[in-house]
Amino acid sequence: MAKIPINIQSGEIQKNSETIIGIDLGTTNSLVAHIVDGQPVAVKGKDGKSTLVPSIVHFTEDGRILVGEAAREKLISDPQNTIYSVKRLMGKSYGDVNEFEQYFGYKIIDEDTDSLVKIRVGNRFYTPIELSAEILKELKRRIEKELDATVSKAVITVPAYFNDAQRQATRDAGKLAGLDVLRIVNEPTAASLSYGLNKDQSESQTIAVYDLGGGTFDISILQIQDGIFEVLATNGDTFLGGDDLDRAIVDHWTKTTENAKTFSQSLRLLAEEAKKTLSSKDHFSKDLDGQNYSLSRQDFEQLIKPLLDKTLEACKNALQDAKLESAQIDHIVMVGGSTRVPLVKKSVADFFGKAVYDKLNPDEVVALGAGIQADVLAGNQKDILLLDVTPLSLGIETVGGLMDVIISRNSKVPSKAGRQYTTSVDGQANLKVGVYQGERDLVEHNRKLGEFILRGIPPMPAGLPKIEIQFILNADGILLVKAKELRSNVEQEIEIRSQYGLSEEDMGRMLLESIQNAEGDMKIRALLEARNEAQNILLSSEKFLKQNESIISEEEMTQTKALVEALQKSVAGEDKDAINKAMDDLNTYTSPLAHRAMDFNIAEAMKGKKI
Ligand code: AMP
């Protein structure tokens, strides 16, 4: 049955409210994209020309907020009230950014070096989250105008190297802008999606995404396997981009041109114009304040060569970290306006020994990919798999404090897995389910996500209840844990947000610790497992002796008790081999007794019955 959404107040039929939008929230420019007739399209602004919204926020004297082009116009006339590059401050403390504070034309507040930075505008303070939210609101307005409908769900991209705090800050900015952020996607992943590189699902492929924007350079090495993207390595320079190419031209002109202006905003703009012109022409020449400024493509290429060499050095380092040779890269994707420079394309193609992907608008590829991801989440592209994996294993605590993994690290999301457990004590009515994240064998070394108690298990001997624990990890990174006793249908569940609770540093540390401690952990696990097994044997031996007193001789009883005592003693110790040996001894001795008891019980049961 189809549902028709009606606005209760106006009585109007609402347009499809399920459009999910893709947003590239960039350092210099931001864009919003959506799907039109199955294809991703970036939305243009009021002028119908540019899809780029400068990531700039200006506060007017009378308290209005301008975003985008209008804000950029205030950059020179009112720098104190015009905030740019706020992405560089997302999720950062003052301690993180004070070295490059002079780079900003506005005031960053040092309140407490550990807490997140704030920006002072007049007598008010803004967090980078609030400022980013203003940019997102502008993008939301743009697309709502285009669609003539409200939009409430989005996918937002972030650099692959963003840590958890930065990702969380981006999510929060979305929330503040009235957007439900369904997914945070890595920019290089989005760029690869827009070239459809995920569609070839035959085998694993490696991709290098070379992203040279206005002020930053990133190189990411990705691997796609079965539609899942994994970031193998990232490298780059957070202060290297198109602006530096412009500066190289300005420096050249001030040195070589007679009567050249010293650095000025107008000369910088002329340099940018020269750079852009030289992307399609061989020569640039223009007058400014009665002075001619000219540059050939050849000279320009000489000027920028050292900067490009720096980016190639970063590519080399990224390959090294990914343990790959340049020839092993299957595809190279170009992102960012500065990759329009022919020498950039040529240098990168030569470095990897392959043609680069450059057919799409390099300013838009990330947003277009975000739009595709949004469409996948909206359920419109059934042939594309969801792309995230869980970074750490998820599991529960079992007897002895052991971690029992239910969904392992790098599993696809969404994902669902379950396992059966039982009780360890007769008549046990409650079972505590502690949920953990991490790779270590003992839960105490992992991160606790939550716990709950399954209550009201009907009285049963130990080992008889069948308790099924199910983990359901949905596409938003929310984990639902369900516990159900299958004989009585008693059940309980909790919801845990797992994915964004850890910083990437924490994650890296936890993985490293699990490797460094693997041997020690294995020993402890073996000891604890031996102890658990021994406890079960002790329990059943005690029961057996009580129930079968009549058919066991006194000598057998004494001998069994002695072996039980030996096992108890070894369980108190630390030697797993001793425990295993004591268990073996007891088992070997009691197994003929158990057979005898079984025969006897069967005979008793058959008495007086005819077959
Ligand atoms: P982005 O941050 O990706 O928007 O990149 C913007 C950068 O790309 C700025 O430095 C622009 O000057 C540069 N850019 C834009 N168009 C061109 C072009 N045709 N040739 C060279 N650089 C360009």
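Whatever order the structure lists them in is the order used to number ligands and atoms, beginning at 1. All values below come from the heavy atoms of this structure, side chains included, with hydrogens, waters and symmetry mates left out.
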Practice item. Compute the shortest N/O to N/O distance between Val341 and ligand 1 and return yes if it is under 3.5 Å, no if not. Key: no
Exercise for review: Would you check whether Ser338 reaches within less than 4.0 Å of ligand 1, judged by its heavy atoms?
Suggested key: yes
Review point. Which heavy atom of the protein is the closest neighbour of atom 4 (O) of ligand 1, given with residue, atom name and distance?
Key: Asn29 ND2, 3.0 Å
Point to revise | Minimum-distance protein heavy atom relative to atom 11 (C) of ligand 1 | key: Glu272 OE2, 3.4 Å
Practice item. List the closest protein heavy-atom neighbour of atom 16 (N) of ligand 1: residue, atom name, distance to the nearest 0.1 Å. Key: Arg340 NH1, 3.1 Å
Point to revise | Proximal atoms of ligand 1 relative to Asp363 (non-hydrogen, under 4.0 Å) | key: 1 (P), 3 (O), 4 (O), 5 (O)
Exercise for review: Carefully, step by step, assess Arg72 and Glu69 under the rule salt bridge (charged side-chain N to carboxylate O under 4.0 Å, His left out).
Suggested key: CA-CA 5 Å; Arg72 186 160 66 180; Glu69 296 292 349; 3.1 Å; yes
Practice item. Apply salt bridge (charged side-chain N to carboxylate O under 4.0 Å, His left out) to Glu272 and Lys276, showing your working. Key: CA-CA 6 Å; Glu272 186 177 8; Lys276 290 186 182 175; 3.6 Å; yes
Practice item. Identify whether the distance between the nearest side-chain nitrogen and carboxylate oxygen of Lys310 and Glu313 falls below 4.0 Å. Key: no
Study note, to complete from the structure: Of all protein heavy atoms, the one nearest atom 6 (C) of ligand 1 is Gly214 N, 3.8 Å
Exercise for review: Using only heavy-atom distances, determine whether the side chains of Tyr210 and Thr339 contain a donor-acceptor pair under 3.5 Å.
Suggested key: no
Exercise for review: Do me a favour and list the nearest non-hydrogen protein atom to atom 21 (C) of ligand 1 with residue, atom name and distance?
Suggested key: Ser279 OG, 3.3 Å
Exercise for review: Kindly indicate, with the supporting measurements, whether the criterion side-chain contact (heavy atoms from CB on, under 4.5 Å) is fulfilled by Tyr195 and Val209.
Suggested key: CA-CA 11 Å; Tyr195 276 107; Val209 180; over 6 Å; no
Point to revise | Atoms in ligand 1 flagged as close to Gly336, the criterion being non-hydrogen separation under 4.0 Å | key: 3 (O)
Check your understanding: If every non-hydrogen atom of Val341 is compared with every non-hydrogen atom of Ser279, which pair is closest and at what distance?
Key -> CA-OG, 3.7 Å
Revision key, fill the gap. In ligand 1, the atoms that come under 4.0 Å of a heavy atom of Gly242 are 10 (O)
Point to revise | Arg141 vs Glu144, salt bridge (charged side-chain N to carboxylate O under 4.0 Å, His left out): CA-CA, chis, key distance, verdict | key: CA-CA 5 Å; Arg141 275 194 290 272; Glu144 288 183 340; over 6 Å; no
Study note, to complete from the structure: Under 4.0 Å from one or more heavy atoms of Thr28, ligand 1 contributes atoms 2 (O)
Check your understanding: Got the closest protein heavy atom to atom 14 (N) of ligand 1, with its distance?
Key -> Gly337 O, 3.6 Å
**Study point:** His34 vs Leu147 side-chain heavy atoms within contact, under 4.5 Å
**Key:** yes
